[in-house]
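A quick note: this is a predicted structure, and the numbers were derived from the prediction, not measured.
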Amino acid sequence: MKQEPRLVLGLGELLWDELPEGPRLGGAPANFSVMAARLGNHAVLLSRIGRDDPGRRALEALEPLPVDTSFVETDPDHETGRVTVSFRAGQPEYTIHQPAAWDFMELTDEWLRLAERADALCFGSLAQRSPQSQQTIQTLAAQTSSRCIRVFDVNLRTPFYSGEVIQESLELATVVKMNDEEVPLVLRLLGLPQGEGLRTDLLRESAERLLSEFPLLNMVAITSGGKGSLLVTRNEWDRHPGFPVKVADTVGAGDAFTAALTHYLLRGASLATLNEAGNRWGGWVASEAGAMPDLPEARQAELAREIEPSRKIEPSRKFEP
């Protein structure tokens, strides 16, 4: 029997990435929501845009995609968000303009009802740069049920982060995702000790430290760009080497990883399958231009076949008692 689509919420910024070749729609929660919807979930984007032409064009750009935008708020006083993106050695650098409409997200009864029903919620650190949106995000996360997968997507953009936001978000999350460069900074912001040793061992020890510090946390996901990812739970861990791809740009690749991880986590997949899914979809987005590239049905079916079942001969490592 076919399962009903899971309700997955992407909460935070919707904005225009102003790239050298022209504007593209983005924002980590928006990228996440589009990918989650493409994977078959009822994905709802919760954000706020200005009552302006960029806001209208944002909704028009999302219209042909499967994401639900009917709960996006409109701000009469603040403009739709925008980010100037430049590249250095293939990696994006961001100038995030403020204030923006998504700094003023309002806690509505509609949003609260969605949070109560949600199977998964993804929220980040960037959208918590303003007190109003921070309160809205944390209240919604706290309003979800105990069965809801709450993914905290660490997105450290100078100067829009603090130890307080990281701490409070981790206290609410069941899953945290960050890249390997963010790991030592997160530990430092939290005042937690950092170990010494080989890089993979150090990342795993850092993940274990976070799991021991935050009782609700069940999984730490650490991405390493084209070098794959590490997933650590309280009982086991799995390392994926990544896939070789010809990179067009990396904008949105991490968000695709997070969406695929969430989708397969809702289905009770193994760590190996979660890692496979995240790297397959993250690699596909990196091989295409933009964070929301066109997705032919044949390519989607091909990726789904490659993901599951996957890597059966390499089971996840159990922690020694």
Which pair of non-hydrogen atoms, one from [X] and one from [Y], has the smallest distance, and what is that distance?
X	Y	result
Lys177	Gly254	NZ-O, 3.5 Å
Leu14	Ala30	CD1-CB, 3.7 Å
Ala260	Trp281	CB-CD1, 3.8 Å
Phe104	Asp75	CB-OD2, 3.7 Å
Ser33	Pro29	OG-O, 2.7 Å

Counting C-beta onward and ignoring hydrogens, is there a side-chain heavy-atom pair between [X] and [Y] closer than 4.5 Å?
X	Y	value
Leu126	Trp102	yes
Trp284	Leu295	yes
Leu266	Val8	yes
Val285	Met35	yes
Asp103	His78	no
Leu15	His97	no
Leu274	Met219	yes

Looking at Leu230, Val220, Leu203, which one forms a side chain to side chain contact (heavy atoms under 4.5 Å, CB included) with Val183?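 The side chain to side chain contact (heavy atoms under 4.5 Å, CB included) with Val183 is passed solely by Leu203 among Leu230, Val220, Leu203.
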Inspect the contact between Arg305 and Glu302 and indicate whether a charged nitrogen and a carboxylate oxygen are less than 4.0 angstrom apart.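 A salt bridge is absent here (no side-chain N lies under 4.0 Å from a carboxylate O).
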Any salt bridge linking Glu208 with Arg204? Criterion: basic side-chain nitrogen under 4.0 Å from a carboxylate oxygen.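 Yes, Glu208 and Arg204 are salt-bridged.
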According to a 4.5 Å side-chain heavy-atom criterion applied to Ile, Leu, Val, Met, Phe, Trp and Tyr, with indirect links allowed, do Leu59 and Phe71 form part of one hydrophobic cluster?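 Leu59 and Phe71: separate clusters.
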Going through the distances and angles, do Leu140 and Phe123 end up as a side-chain contact (heavy atoms from CB on, under 4.5 Å)? CA-CA 10 Å; Leu140 282 173; Phe123 65 99; over 6 Å; no
Point-to-point distance, once rounded to the nearest 0.5 Å, from CG of Leu170 to CG of Leu216: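 Answer rounded to 0.5 Å: 10.5 Å.
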Would you compute the distance between atom CG of Leu261 and atom OG of Ser229 and round it to the nearest 0.5 angstrom?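 So the gap between those two atoms works out to 8.5 Å.
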Counting N and O atoms only, with roles assigned by atom type, does the side chain of Arg150 sit under 3.5 Å from a partner on the main chain of Leu172, one being a donor and the other an acceptor?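 At least one qualifying donor-acceptor pair exists.
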